Amino acid sequence: MIKALRGMKDLTLEESERFVHIVTTAITIAKRYGYGYIETPILEETKLFKRSVGESSDIVGKEMYQFEDKGGNDVCMRPEGTAGVVRAFVQSKFDRQQSAKFKFYYYGAMFRYERPQKGRLREFHQFGCESFGEALVYEDFTIIEMIGDIFKALGIGYKLQINSLGCPDCMPQYRENLIKFLTECKDELCEDCNRRIDTNPIRVLDCKNDKCQSLLVESPKLIKNLCSNCDSDFQKLTSLLESANIEYEIDTNLVRGLDYYNKTAFEFVSDNIGSQSAIAGGGRYDKLVEFLDGKPTPAVGFALGIERIMELVEMPIKERKGYYIGAMDEEAVDILFPLASKKRQSDRVTIEYSPKKLKAHLKGADKVNARYCAVIGEDEFRDGTIWIKDLVKKEEFTLPQREF
RNA sequence: GUAGGCGUAGUUCAGUUGGUAGAGCACCUGUUUGUGGCACAGGUUGUCGCGGGUUCGAGCCCCGUCGCCUACCCCA
């Protein structure tokens, strides 16, 4: 038997319904906030991700599905959605429309060659939004509010963590201070953190190692070293959240995994899905458009992990819907089809092709969760009528076939 | 890349000190002639992950292998 590749899953029955429910709910809400759909390729030039996601990250370093295509191009299956959207934004020259606003939503498969575990697959799906051209922190707030709306609509509880990553005016100075601090306690930090001091010192902040974390209590906090602009934006964000009654906590160690973020960074976190607790994450990335050869354009965005959310959603109760139709004798089967076509203009219809006893038809209707069970038996065939039972109200009646 | 756990019916699992497999759910059929969900009765379903070894005999023990899961790492 040929099986799906490791870390890749088929979605059927309840699972696929969950999936669709999440995506359609997210789309409905994103549209309310003025977002329009963008579709970008799954395969992109490897260069794109090296430049956007950042060469130092593990994603680019060892987790990408990277290969040479038949034309000799160095290509890569997208490990995240933002890079492609930004590339498309620049390629479409939307960046030339100074101060115009563009808001896109997307959803689709992402690929990372990792060891699968709970809430982590090699092919996984994200829904995300990217807002271009809005520099004001109001947009950061609005995006967070929108994600809150999505989770509310899905009935999912969460905790919101926020932080500010600063900007080119304050981040480099902070980085220096942090490196200085880390170098001083170097000997007590774990092996990984020692490596990170050189490669990506900011990532030391979210090291999982308890000992590292206890040392970091004393570390300089970016949040206290922001430049005046970043600081006032962060203050504004927290006050907007408070007046909207959105609970949050400031996590000074919250760092985004991708290099392109600045200023606002946030993460929506849930318990109950194992160690992969982040269900959505995002923030501001004002420099990325420029990095990818566009004109400087401020941007904010987020992505949510659909598979992780699938573990948390409660599905609305399924109601009986539509018709089940069947015949009790072979000769009546053919007349089911025109009747079904007519009903299918507006309702779901299941046709049973094999003649069966009434009892079997009722069971069949039950199984496909139909509201009505319609059957043509011996009498109905003779009279040109059809017998219908409402399985919810338990009422039954007979109609001429032309009135069905 | 590292560590641990697990692979037995469609599914969830049980399987005693080694004697060639069971249960619930699901599915199918019935409970007299045209009335579903419930109940009852009956029935179908397995290369016991794969390969080798030990043994008179292996689902059970040993070795290997593949797969899945969980955690580390990393991340949505």
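All of these numbers come straight from a predicted model, not from anything done at the bench. Throughout, a chain's letter reflects where its sequence line sits, starting with A, and its residues are numbered from 1.
- Looking at which nucleotide of RNA chain B each of A:Lys394 and A:Lys356 is closest to, the 5′-most match is held by A:Lys356.
- To the nearest whole angstrom, the two C1' atoms, one in B:A9 and one in B:G15, are 14 Å apart.
- Distance noted for atom C1' between B:G30 and B:C48: 32 Å (whole Å).
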**Request:** Test A:Phe266 against A:Leu160 for side-chain contact (heavy atoms from CB on, under 4.5 Å), laying out the working first.
**Result:** CA-CA 7 Å; A:Phe266 58 82; A:Leu160 167 62; 4.1 Å; yes
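- At least one side-chain nitrogen or oxygen of A:Arg6 sits closer than 4.0 Å to the OP1 or OP2 atom of B:C68.
- Ring geometry for A:Tyr65 against A:Phe111 counts as perpendicular: the plane angle is over 60°, on a 0 to 90° scale with 30° as the lower cut.
- Residues from residues 370-385 of chain A placing a heavy atom under 4.0 Å of any atom in RNA chain B, listed by number, are A:Glu378, A:Asp379, A:Glu380.
- In this structure, CG of A:Asp329 is placed 16 Å from P of B:U33, rounded to the nearest angstrom.
- Within 3.5 Å, a donor on the side chain of A:Arg112 pairs with an acceptor on the base of B:A76, or the reverse.
- The interatomic distance linking A:Leu312 (CG) with B:A76 (C1') rounds to 12 Å, in whole Å.
- Using a 4.0 Å heavy-atom criterion, one finds that A:Lys389 contacts the bases of the nucleic acid, with or without backbone contacts as well.
- Atom C1' of B:G67 sits at a distance of 26 Å from the matching atom of B:C25, rounded to the whole Å.
- No engagement by A:Leu304 is indicated, since no non-hydrogen atom pair under 4.0 Å with the nucleic acid exists.
- Residues satisfying the ring-ring contact (aromatic ring centres under 6.0 Å, His included) criterion with A:Phe337, sequence neighbours excluded, are A:Tyr353.
- A distance of about 25 Å separates the P atoms of B:G24 and B:C60, rounded to the whole Å.
- Salt bridge absent: A:Glu14 and A:Arg18 never bring a charged side-chain N and a carboxylate O closer than 4.0 Å.
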**Request:** Any chance you could encode RNA chain B as dot-bracket? Rule is Watson-Crick or G-U wobble with both distances under 3.5 Å; [ ] for pairs crossing earlier ones, | for another strand.
**Result:** (((((((..((((.....[..)))).(((((.......))))).....(((((..]....))))))))))))....
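- Checked by distance alone, A:Arg120 brings a side-chain donor or acceptor within 3.5 Å of a matching partner on the base of B:C73.
- Using a 4.0 Å heavy-atom criterion, one finds that A:Ala365 contacts no nucleic acid atom at all.
- A:Phe124 qualifies as a stacking partner of the B:A76 base, centre to centre under 5.5 Å and near-parallel within 30°.
- Checking the phosphate oxygens (OP1, OP2) of B:A71, a side-chain nitrogen or oxygen of A:Gln117 falls inside 4.0 Å.
- Using a 4.0 Å heavy-atom cutoff across all strands shown, A:Glu396 reaches at least one base atom of the nucleic acid.
- Phosphate proximity of B:G36 to A:Lys359: present, with a side-chain N or O under 4.0 Å from OP1 or OP2.
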